[in-house]
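Only one structure is covered here, and it is reproduced in the block below.
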Amino acid sequence: MTRASTSSVFDVSSSAALSALEHPTTFIRKTAEAALPVEAVAAEPPAFHGRGEILVVDAAALPAALARIRELPRPAGTLVVVGMEAAEARPALTADAAMSGLSLACCPRPVDAATYARDLRRLVESLRRASLTRILKLHDSLVAAVMAGADLETILKLTARQVSGFDAMFVDYTGVVVSSWSHRGQRSLNVPAELDAVLRTSPPIDTTQVELDDGRFAVLVGVGLHDQVEGSIVYVGGRRLASAELVLVERARSAMLLRFAREKSRRDAQRSTVEQLLRAAVDGSMNHGELALALRGLGLEPAEGYRVLAVRLDRGTPESRAFTLLEDVAAASTRPIVGGLQGKIFCLVQPVDSTVPEDFLQACRTRGWKAVTIGRSRPKTDAESLALAIRESATASQFSGQTAGQIHDVTSLGLPGLLAGLDPQNVMRPFADTLLGELISHDAANNTELVSTLTAFFDTGCRPGPTAEKLCIHRHTLSYRLDRVAQLTGKDPRSPEWMLSFGIALQMHAILQTGL
């Protein structure tokens, strides 16, 4: 993917290079611009350390300069030879392997090397100040834009315009292009094929510049927040960027970090507000009027109809990123109302036929999150039903069985869906406690597993063989446990008379376990 760099030899004509004062200022400027950033300018070979300096020598001092360069392990910088044509310099210097890492510049007319070096130092400082001023102006523009609420595209545009002919895109940590800007006015950009795997598996931390297979160049600028890689800024153009230009485009990293930090604070505050609302709805600490007012404050009018989504993640899906993705997807069509409760992510959507769940699931699949499950409540038209909608969506996500990566409506669940609409405290808990209360107390006091055994028994269709296999126990052990259930409750779960009641009680117990 990358191609080895080679040393360069450049020259300018005497008429363009030399001034009336015999100080080749035009040539000095060309030399300095090619070599920036410059650590120092030296006129004596012993003072050259090969760490980005410019060494100015006359033709007579060239042997001493070459001897000094041979002493350096990895020379880097520019050698300016005055009084020598470029055609003469190439055979003399390319034969020396130590020169492979240096650029070479030649001034054909003899001038005083010390004077040339002095003027070059002054010009380098002037160019440095100009470059620093340009960087600071860009930085101020980016900060002002971010503070004014600029999106990612604006940040990309401001920085890409500093290096004409380059497209820019922000690619998240999974390799998805989140935002882009093209100097050609192209509406969408794709990641170059040879960069796709790198950006998906190991996004760069530092700035990296590579040559692509088609001869274009790509600059990758890693963006991370709190030791977490958010993604990479990718600039693609037809040339290699100079060092000063790299410093300019790197300003986008700071701007994006500032934007991410501001956005994180805003999102955290919004999630906290939504979580408080969800909790208040479930525990009944807010009356219906207060709930309606709170929902309207979040941008949702209950009377127009809404649903609640519950998102269940597997262990391999990062919760914080799932929160952000769901908010981004919801924001594309409505004001996102997203918050966490009891280990699940909830989202209130309006209208009731919103495509947010489908769009979110597709975005998850694009990122390789295949085990995300969404539960969806029945449509509601008043704030009073918010608690019920929360419980319905949680139940739909909880009772999805092995069908992960899908959307489950509570209406498709059968018995669990019907039970989710019952009052948990006044209906479900008393019924469940009547049949299971003694078993729950016995398990807690004796470290037994009667309730989980009973649950497995009903999950497998009340078949002893599959139940024993699922629990990894002997069938005699299963029979003993079921006998113990019958002794403690006075009701045999294997009897047709009590099978339905135990099944309903277990379903209610599972719903109550969600705490909603």
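Since this is a predicted model, take the numbers as computed values, not measurements.
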Any salt bridge between [X] and [Y], counting N to O under 4.0 Å?
X      : Y      : answer
Glu392 : Lys380 : yes
Glu44  : Arg68  : no
Arg271 : Glu275 : no
Glu230 : Arg321 : yes
Asp314 : Lys370 : no
Arg267 : Asp328 : yes
Arg307 : Asp409 : yes

Working to the nearest 0.5 Å, report the span between [atom1] of [X] and [atom2] of [Y].
X      : Y      : atom1 : atom2 : answer
Gln162 : Ile135 : CD    : CD1   : 9.5 Å
Asp167 : Leu189 : CG    : CG    : 5.0 Å
Ile337 : Gln270 : CD1   : CD    : 7.5 Å
Ile407 : Arg376 : CD1   : CZ    : 5.0 Å
Ile345 : Glu319 : CD1   : CD    : 5.0 Å
Met256 : Leu152 : CE    : CG    : 5.0 Å

Has [X] got a side-chain atom pairing as donor or acceptor with [Y]'s backbone, closer than 3.5 angstrom?
X      : Y      : result
Arg335 : Ala331 : no
Thr208 : Pro204 : no
Tyr235 : Ala160 : no
Thr334 : Ala330 : no
Ser412 : His408 : no
Arg200 : Thr174 : yes
Asp196 : Val191 : no
Thr317 : Leu313 : no
Gln350 : Gly305 : yes
Ser393 : Ala389 : yes

Student check: side-chain heavy atoms of [X] and [Y] closer than 4.5 Å:
X      : Y      : value
Leu136 : Leu132 : yes
Val349 : Leu309 : yes
Phe170 : Val234 : no
Phe166 : Val236 : no
Asp58  : Val81  : no
Lys344 : Ser397 : yes
Val176 : Arg367 : yes
Pro336 : Cys347 : no

Let me know which of Ile155, Leu257, Thr154 forms a side chain to side chain contact (heavy atoms under 4.5 Å, CB included) with Val146. Ile155

Please identify which of these residues, Val171, Leu195, Ile233, meets the side chain to side chain contact (heavy atoms under 4.5 Å, CB included) condition with Leu220. Leu195

Can you list the steps and then say if Glu245 with Arg239 is a salt bridge (Lys or Arg N to Asp or Glu O under 4.0 Å)? CA-CA 12 Å; Glu245 292 177 310; Arg239 61 186 175 85; 2.9 Å; yes

More than 12 foreign heavy atoms under 6.0 Å from CD1 of Ile205: is that the case here? no

Output, in order, the C-alpha distance, side-chain angles, deciding distance and verdict of side chain to side chain contact (heavy atoms under 4.5 Å, CB included) for Leu248 and Leu138. CA-CA 8 Å; Leu248 283 168; Leu138 174 60; 4.0 Å; yes

Closest heavy-atom contact between [X] and [Y]?
X      : Y      : result
Ile390 : Val308 : CA-CG1, 4.1 Å
Ser180 : Ser188 : OG-CA, 4.3 Å
Leu258 : Met147 : CD2-SD, 4.5 Å

Step by step, work out the side chain to side chain donor-acceptor pair (under 3.5 Å) result for Thr207 and Glu250. CA-CA 8 Å; Thr207 300; Glu250 282 182 331; 2.3 Å; yes

Pair Tyr306-Phe346, ring pair (Phe, Tyr, Trp, His ring centres under 6.0 Å): steps then yes or no: CA-CA 13 Å; Tyr306 67 95; Phe346 291 90; over 10 Å; no

